[in-house]
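Working notes, structure below.
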There are 2 protein chains.
Amino acid sequence: MPRSSAPDLGGRGRSTAVDRVVHLIRQGVKRGRYAPGQRLPEADLTRELQVSRGPLREALSRLAAEGVLEIEPYRGAMVRRLTRADVEDLYQVREVLEGQAAALAARRITEGDRAERLRQAVADMTAWRGRNDADAFAYMDSNAAFHDLIISLADNQVLADLMAQLGTNAFRLQLTNVMRANARETSIREHEEIAATILAGDARKAETSMRRHVRHSYDAVMKVSDDLLG
Amino acid sequence: MPRSSAPDLGGRGRSTAVDRVVHLIRQGVKRGRYAPGQRLPEADLTRELQVSRGPLREALSRLAAEGVLEIEPYRGAMVRRLTRADVEDLYQVREVLEGQAAALAARRITEGDRAERLRQAVADMTAWRGRNDADAFAYMDSNAAFHDLIISLADNQVLADLMAQLGTNAFRLQLTNVMRANARETSIREHEEIAATILAGDARKAETSMRRHVRHSYDAVMKVSDDLLG
DNA sequence: CATACAAACTTGTCAGACAAACTTACCGGA
DNA sequence: TCCGGTAAGTTTGTCTGACAAGTTTGTATG
């Protein structure tokens with residue numbers, strides 16, 4: 001349940017050098033700038049990111065705790081290489097956590113302006129319909145935003161923190177998969193269904209549809225060849 | 001999905017100063033040596049733990065990511081204070097994760113010597129029957145070992161890592177609650193039931209009984225007065 | 001008594017240094 | 001030629017000292 005490691009969302013606090021470096025490296029991994037398995041020598045990073053070894057090492061340590069990097073004593077940091085087993089484990093957990101999030105969101109949908117926010121998110125998603133040419137990263141941000149919103153609607157900080165941790169790796173995995181056109185249409189339809197069940201306040205159905213969605217996403221990811229995984 | 005932050009279980013690797021410090025502080029929080037809300041100035045810790053600021057700060061950062069400490073810029077680290085809302089969130093997540101673990105364990109119980117290990121763990125638990133006088137910490141270790149075993153039987157590394165993270169806080173919460181005699185007997189009985197359903201290979205029942213157990217545990221914890229929470 | 005200001009303290013970051021461990025390159029022997 | 005071992009080079013783990021930025025504490029003033 002990280003609090004200080006959160007990406008400066010709600011905290012509005014001054015951002016320290018460590019936060020900045022964590023963000024940059026994480027971004028680099030998500031965007032594929034640092035490839036899985038690539039080693040990240042401290043010397044290179046201090047030059048590249050303009051920070052001293054102290055904050056850098058703290059950042060690396062934090063990213064290792066998050067599962068983005070791996071650190072071995074006297075061998076340094078490298079971008080974590082995900083095996084098929086890792087991905088299976090990851091999605092098994094995502095399924096229950098996001099399912100739980102959807103159920104909680106359904107129960108709380110009438111509070112505040114939750115329903116409105118969810119409808120807006122659906123509108124943002126459907127705007128992508130047919131636009132298969134558009135920037136894949138932008139689409140994925142939109143996709144991630146939808147899932148983040150569900151988590152946020154669930155109103156459970158522990159759940160949110162854990163999902164944030166799984167987020168980086170899950171993101172990386174979908175990077176290649178999501179570009180396929182039909183996968184995109186399917187995904188949009190499933191998002192609509194999830195939103196509908198939540199808006200209906202049906203916790204059980206919301207959980208079911210979310211879990212199915214995550215499973216489909218997993219199936220799609222598993223079709224990716226091994227070298228894309230890690 | 002921390003790998004390097006794990007308490008040197010499988011990795012058998014050399015332990016660095018950071019690992020040592022992380023372990024000591026975490027232990028201190030679990031055992032109540034550092035009270036919730038207590039501030040932990042770097043100067044004091046460097047003296048107490050005989051380590052320089054570099055590794056110490058790395059350790060603090062790691063523990064903050066784990067949710068054991070809270071760090072505010074220019075104000076330093078303090079033992080995280082859990083609110084009732086935090087506890088509710090925590091147990092809501094524990095319920096689904098441990099439930100999932102029990103279900104997975106049931107599905108895999110026939111592989112290897114899993115069944116035997118589980119039966120042994122049950123035997124260890126029942127040995128506490130009636131011995132309400134005995135060391136509370138030792139009993140809790142036994143309790144934690146049972147839950148850890150279920151996680152381990154589930155054979156999902158991501159799940160195991162997430163649970164390890166929730167572990168420290170969950171442990172702290174049960175510290176006071178578990179000493180009550182009837183709670184202990186109830187807990188032992190529930191453990192027996194969980195083990196039985198897993199050994200029967202019934203994933204659905206295993207999940208149900210585990211979730212009920214976690215919920216009962218939550219109810220017991222919530223009876224604790226606020227100042228014990230943090 | 002409340003407020004404003006200054007001193008004291010703590011944290012965030014940097015730079016330089018060195019020991020420990022890992023990598024790589026080289027060399028002699030089978 | 002291939003193999004194994006040694007030495008040099010590189011990288012990490014940790015320490016020390018230093019200083020700026022921000023916070024906390026204490027005091028004096030209205």
Side-chain angles (χ1 to χ4, degrees), chain A residues 2-8 11-26 28 34-35 37-66 68-81, chain B residues 2-8 11-26 28 34-35 37-66 68-81:
Chain A
R3 181 135 300 177
S4 58
S5 80
D8 302 65
R12 77 134 239 330
R14 271 161 314 300
S15 80
T16 160
V18 178
D19 293 327
R20 197 172 54 80
V21 171
V22 165
H23 180 70
L24 285 172
I25 298 180
R26 183 166 31 205
Y34 304 122
Q38 179 177 340
R39 294 188 52 182
L40 303 175
E42 295 178 4
D44 296 1
L45 292 177
T46 52
R47 242 192 320 276
E48 195 178 321
L49 306 175
Q50 295 291 314
V51 294
S52 70
R53 286 181 68 205
L56 172 65
R57 286 173 59 82
E58 236 177 84
L60 293 177
S61 171
R62 212 180 279 182
L63 287 165
E66 199 175 308
V68 177
L69 306 180
E70 254 174 301
I71 297 181
E72 274 183 288
Y74 295 104
R75 289 185 31 91
M78 63 145 88
V79 180
R80 181 168 169 202
R81 205 185 272 281
Chain B
R3 183 134 300 175
S4 59
S5 78
D8 303 66
R12 76 137 242 326
R14 271 160 315 299
S15 78
T16 159
V18 178
D19 293 328
R20 197 173 53 79
V21 172
V22 165
H23 180 71
L24 286 173
I25 297 180
R26 184 168 26 208
Y34 305 122
Q38 179 177 341
R39 295 188 53 180
L40 303 175
E42 295 178 5
D44 295 2
L45 292 176
T46 54
R47 242 193 319 277
E48 194 177 322
L49 306 174
Q50 293 292 314
V51 64
S52 72
R53 283 182 69 205
L56 172 64
R57 286 173 59 82
E58 233 177 87
L60 293 177
S61 171
R62 212 180 278 181
L63 287 165
E66 197 176 309
V68 177
L69 306 181
E70 253 175 300
I71 298 180
E72 273 184 287
Y74 296 103
R75 289 182 33 90
M78 63 145 91
V79 180
R80 181 168 167 203
R81 206 185 271 282

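Just the heavy atoms: all of them, side chains too, but no hydrogens, waters or symmetry mates, feed the values below. Sequence lines set the chain letters: A, B, ... in the order given, protein chains first and strands last, and positions in each chain run from 1.
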Identify the pairs formed between an N or O of the protein and an N or O of nucleotides 5-9 of chain C at a distance under 3.5 Å, and give each distance.
none

- Task: Pick out which of A:Leu63, A:Leu69, A:Val21 makes a side-chain contact (heavy atoms from CB on, under 4.5 Å) with A:Arg26.
- Result: A:Leu63
- Item | Gap between atom CD of B:Glu66 and atom CZ of B:Arg80 - 0.5 Å precision | 11.0 Å
- Are any non-hydrogen side-chain atoms of B:Tyr34 and B:Val68 less than 4.5 angstrom apart? no
- With sequence neighbours left out, the residues meeting side chain to side chain contact (heavy atoms under 4.5 Å, CB included) with B:Glu42 are B:Arg53, B:Leu56, B:Arg57, B:Leu60
- Item | Whole-Å distance separating the CZ atom of A:Arg47 from the C1' atom of C:dC14 | 17 Å
Nucleotide N/O of nucleotides 11-18 of chain D paired with protein N/O under 3.5 Å:
unit_1 : atom_1 : unit_2  : atom_2 : d
D:dT12 : OP1    : A:Glu42 : N      : 3.3
D:dT12 : OP2    : A:Glu42 : N      : 3.3
D:dT12 : O3'    : A:Tyr74 : N      : 3.4
D:dG13 : OP2    : A:Arg57 : NH1    : 2.4
D:dG13 : OP2    : A:Arg57 : NH2    : 3.1
D:dG13 : O3'    : B:Thr16 : OG1    : 3.2
D:dG13 : N7     : A:Arg53 : NH2    : 2.8
D:dG13 : O6     : A:Arg53 : NH1    : 3.3
D:dT14 : OP1    : B:Thr16 : OG1    : 2.5
D:dT14 : OP1    : B:Ala17 : N      : 2.3
D:dT14 : OP2    : B:Thr16 : OG1    : 2.8
D:dT14 : O4     : A:Arg53 : NH1    : 3.2
D:dC15 : OP2    : B:Ser52 : N      : 2.9
D:dC15 : OP2    : B:Ser52 : OG     : 2.5
D:dC15 : O5'    : B:Ser52 : OG     : 3.4
D:dA18 : N6     : B:Arg53 : NH1    : 3.3

- Message: For the CD atom of B:Gln50 and the CG atom of B:Leu24, what is their distance to the nearest 0.5 Å?
- Response: 11.5 Å
- Query: Once you round to the nearest 0.5 Å, how far does CD of B:Gln38 lie from CZ of B:Arg81?
  - Reply: 10.5 Å
- Query: If you round to the nearest 0.5 Å, how far is CZ of A:Arg20 from CD1 of A:Ile25?
  - Reply: 10.5 Å
- Roughly how far, to the nearest 0.5 Å, is the CZ atom of B:Arg47 from the CG atom of B:Leu49? 11.0 Å
